[in-house]
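Every chain is numbered from 1, with letters handed out A, B, ... down the list of sequences.
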Number of protein chains: 2
Amino acid sequence: MTAILNNSSTPPALIFSALGDDTRLELIQRLLDGTPKSVSYLTQGFNISRQAIRKHLNHLEKAGIIRPTKVGREQLFQIQIETIESSSKYLAEISSQWDVHLNNLTEILEDETVDR
Amino acid sequence: MTAILNNSSTPPALIFSALGDDTRLELIQRLLDGTPKSVSYLTQGFNISRQAIRKHLNHLEKAGIIRPTKVGREQLFQIQIETIESSSKYLAEISSQWDVHLNNLTEILEDETVDR
DNA sequence: TTATTGCGCAACCTTTTGGTTGCCTTATTA
DNA sequence: TAATAAGGCAACCAAAAGGTTGCGCAATAA
C-alpha cells in the first residue's frame with residue numbers, strides 16, 4: 001500500500017536529523033491516525049510553547065515528513081509517509097550491504113578452517 | 001541474517017540524531033565493508049581535522065551504531081548493525097501504523113460512495 | 001460588533017554542535 | 001635510541017538548535 005505521488009526525495013541526513021528529537025517523534029506519533037491537525041491542537045499535552053512546537057513542525061516540514069494545508073485561519077498538518085519510507089529504504093540498503101560483506105567474511109573463514 | 005547479541009537498544013531519537021549528518025553517514029558507508037578502521041584512516045578523504053572526525057565517531061558510538069576495539073595504539077571501529085536494524089524497525093512500524101489508518105479511511109469512503 | 005482564538009513574526013537567550021589549534025603521551029619503526 | 005605516527009585532552013570559537021516572551025493580525029464565535 002501507500003506511496004502515490006511525491007518524488008521530492010529529501011537528502012537522508014536531513015530526514016534523520018528531523019527524526020532525531022523526542023518531541024518530533026512524538027508529534028509524528030500523534031499524526032499517525034491520519035487526520036490532519038492544527039498547531040494549537042498539536043501543542044496540547046506538551047509543556048512547551050506553541051512557538052516551540054511550531055519550530056519542530058517547521059523541521060519536519062523542511063524534511064518533507066509532514067505537509068501543511070491551510071484551512072481558514074488554521075494550518076493543518078499531515079504525515080507524508082513516502083518520506084519516512086525513503087529513509088527506511090536507506091537503512092535497509094545499509095543492512096543489506098553489511099550482510100553482503102559479512103557473508104564474504106564467513107566464506108573466507110570457512111575456507112580457512114577447511115584448510116585449502 | 002545478521003543480529004547475534006546486542007540488546008542495548010539506544011532510544012530511537014538518539015540513533016536518528018546520530019544518523020542526521022552527512023559526514024557521519026559517509027563514515028558509516030566507509031565502514032560497511034566490514035573491516036574495522038582506525039580514526040586516522042577514517043579521517044583520510046575528508047577535509048576536516050582528525051579531532052572533528054573523532055567527535056563524529058563519538059556520536060556514532062554513543063548511539064551504539066559503531067563499536068571500538070583497542071589494538072595497540074590504534075582504536076579500530078566497526079559497525080554495530082543491530083542498532084541500524086532497530087531504527088529501521090521503528091520506521092517500519094510507523095509505516096504500518098499509517099497503512100492501518102489509511103485502510104480505515106478508505107473503507108469509510110467506500111461506505112459513503114455506496115451510500116449506506 | 002466585540003471578544004476570543006489560531007498563528008505568524010521577530011527579538012532575545014542559553015546550550016549544543018561542529019569545527020579549530022596546541023600540546024602531551026604512547027606505540028612503532030628506522 | 002631517536003624520530004615518527006596514532007591518539008587523547010582541553011580550550012576556544014562561531015553558528016545552529018531549542019526555547020522563551022511580546023505583539024500584531026485575521027478568522028470565528030458570542
Pairs involving residues 51-97 of chain A, ordered by first then second residue, that meet ring-ring contact (aromatic ring centres under 6.0 Å, His included) (sequence neighbours left out): A:Phe16-A:Tyr90

Single hit among A:Leu31, A:Leu60, A:Asp33 for side chain to side chain contact (heavy atoms under 4.5 Å, CB included) with A:Ile79: A:Leu31

Note, [X] side chain near [Y] side chain (heavy atom, < 4.5 Å):
X: B:Leu19; Y: B:Ile15; value: yes
X: B:Glu26; Y: B:Thr23; value: no
X: B:Phe46; Y: B:Arg30; value: yes

Exam field: side chain A:Thr83 to backbone A:Gly64, donor-acceptor pair closer than 3.5 Å: yes

Contact letters for nucleotides 18-30 of chain C, in which S counts primed atoms plus P, OP1 and OP2 and B counts the base, heavy atoms under 4.0 Å: SBBBB----BS--

Residues B:Lys37 and B:Thr35: side-chain donor-acceptor under 3.5 angstrom: yes

For chain B, the stretch of DNA chain D it reaches, first to last nucleotide, under 4.0 Å of its heavy atoms: D:dA5 to D:dC9

